[in-house]
Number of protein chains: 2
Amino acid sequence: MLTDQIAKLIEQMLEESGGALDLQRNEMAQSLGCVPSQISYVITSRFTPERGYLIESRRGGGGRIRIIRKQMHKNEYLMHFFHAIGNKIEEREALAYLKNLADNDIITEREAIIVSNALSTAALSPVTPEGRGVLRAQIFKHVLLSLMQ
Amino acid sequence: MLTDQIAKLIEQMLEESGGALDLQRNEMAQSLGCVPSQISYVITSRFTPERGYLIESRRGGGGRIRIIRKQMHKNEYLMHFFHAIGNKIEEREALAYLKNLADNDIITEREAIIVSNALSTAALSPVTPEGRGVLRAQIFKHVLLSLMQ
DNA sequence: CTTTCTTTGACCTTTACTGACTTTAGTATA
DNA sequence: TATACTAAAGTCAGTAAAGGTCAAAGAAAG
């Protein structure tokens, strides 16, 4: 899938540049053989604040899109997500949060796997779809709390 | 029976791929001459967590269904607990199990804390008291499965 | 005969992708 | 300086391509 390729490319560029990079939308689209809005799509769907990225951009001649992977400290992270969760949360959002926590060494990979399974739709299947999001948020928050000192 | 054929095919594919495979529902349905929902039926009725399988999926263009087989025999200890849990479980029982798992270094102290919080009555408060035990069992089982190789 | 399992199809939700149109910033020109 | 031109990126609605869900009909088992 195109989206995955582009996301992978951007991640790789971020890795090489140490967490912040500038790219040009048209240029990248051309070199990948896709329409420019595809780049926008990838950025808005994959490099979200939830996953720990900041986006800045500038239009006009010589425009650019800047992608920054932001770093925080442990409790800050935990608090950030605690608040971000809100009243209910979908599985894919929760996964994004967990990946972010693991990537930043707030939790281990194994812990991320454990929690993601605890929050999975499959695990919460006894509850109605409407209730699930609320329950997932509740559980996730309790887990995050247990990780704060 | 169609279901058995499909199940056999998937098992065979799992064998060849070494325990984890991606398939496309529509594609497989077409090549077998059945409706796509038949594939879903086989997966939900045969490749359940109880039998040691984990399912993930993604929709949209180029979507997929991922089936992962856990090797039960390598996880006798975890399987023991898996079966002991039954259909529902009280919080204090779950805590006892977790302590046991931690004491035997199957999980870390921290992991035990995380899971105990996820299974706590507080975390599961959106659910009725009757439903809680069932849900707790379901979540616990999924967590145990995720710990198996 | 009843219950449980299988099969189907209609309808729903999510995700990917595109293109036309809008907005913004820099550059050249009157 | 004010104005037009050009080269970006932003937006958003529409289309298509998946998988999910569920109820109902049919088949098999007990």
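So that the names make sense, note that chain A is the first sequence line, chain B the second, and so on, each numbered from 1.
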**Request:** Apply side chain to side chain donor-acceptor pair (under 3.5 Å) to A:Ser146 and B:Arg110, showing your working.
**Result:** CA-CA 9 Å; A:Ser146 74; B:Arg110 205 171 112 109; over 6 Å; no
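- A:Arg92 has its CZ atom 14 Å from the C1' atom of D:dG20, to the nearest Å.
- Whole-Å rounding puts the A:Gln5 CD to C:dC17 P distance at 9 Å.
- Residue B:Arg46 is classed as a sugar-phosphate contact, given heavy-atom separations below 4.0 Å to backbone atoms only.
- Distance B:Arg64 CZ to D:dG19 P: 10 Å, rounded to the nearest Å.
- Atom C1' of nucleotide C:dT14 and atom CD of A:Glu90 are separated by 11 Å, given to the nearest angstrom.
- Using a 4.0 Å heavy-atom cutoff across all strands shown, B:Thr3 reaches sugar-phosphate atoms only and no base atom.
- Rounded to a whole Å, the CD atom of B:Glu27 is 9 Å from the P atom of D:dG19.
- In the set C:dT6, C:dT18, D:dG20, the nucleotide with an atom closest to the side chain of A:Val35 is C:dT18.
- The 12-atom threshold is exceeded at NZ of A:Lys70, counting heavy atoms of other residues, nucleotides or ligands nearer than 6.0 Å.
- We find that CD of B:Glu56 is positioned 14 Å from C1' of D:dG19, with the value rounded to whole Å.
- Residue contacts for B:Gly63: at a heavy-atom cut-off of 4.0 Å it reaches the sugar-phosphate backbone alone, with no base atom in range.
- When the side-chain nitrogen and oxygen atoms of B:Gln38 are compared with OP1 and OP2 of C:dT6, none of them lie within a distance under 4.0 Å.
- Under the 30°/60° scheme for interplanar angles, the aromatic rings of B:Tyr53 and B:Phe47 are found to stand perpendicular.
- Nearest-nucleotide positions on DNA chain C place B:Gly33 closer to the 5' end than the other of A:Tyr41 and B:Gly33.
- The separation between B:Ile39 atom CD1 and D:dA18 atom C1' is 14 Å, rounded to whole Å.
- One can place CE of B:Met28 at 13 Å from P of D:dG20, the figure rounded to the nearest angstrom.
- Side chain of A:Arg59, nearest nucleotide from C:dT6, C:dT15, C:dT22: C:dT22.
- Checking C:dA16, C:dT8, C:dC17 against the side-chain heavy atoms of B:Leu2 singles out C:dT8 as nearest.
- Taking side-chain N and O atoms only, A:Asn26 has a distance below 4.0 Å to OP1 or OP2 of D:dA9.
- Between A:Gln38 and A:Arg25 the shortest side-chain heavy-atom distance does not fall below 4.5 Å.
- Other residues, nucleotides and ligands contribute at most 12 non-hydrogen atoms within 6.0 Å of the CD atom of B:Glu76.
- Taking only distance into account, the side chain of B:Ser57 never meets the base of D:dG19 through a donor-acceptor pair shorter than 3.5 Å.
- Nearer the 5' end of DNA chain D, as judged by each residue's closest nucleotide, is the contact made by A:Ser40, out of B:Gly60 and A:Ser40.
- Where A:Ser37 and A:Gly62 meet DNA chain D, the nucleotide closest to each residue was compared, and A:Gly62 sits on the side nearer the 5' end.
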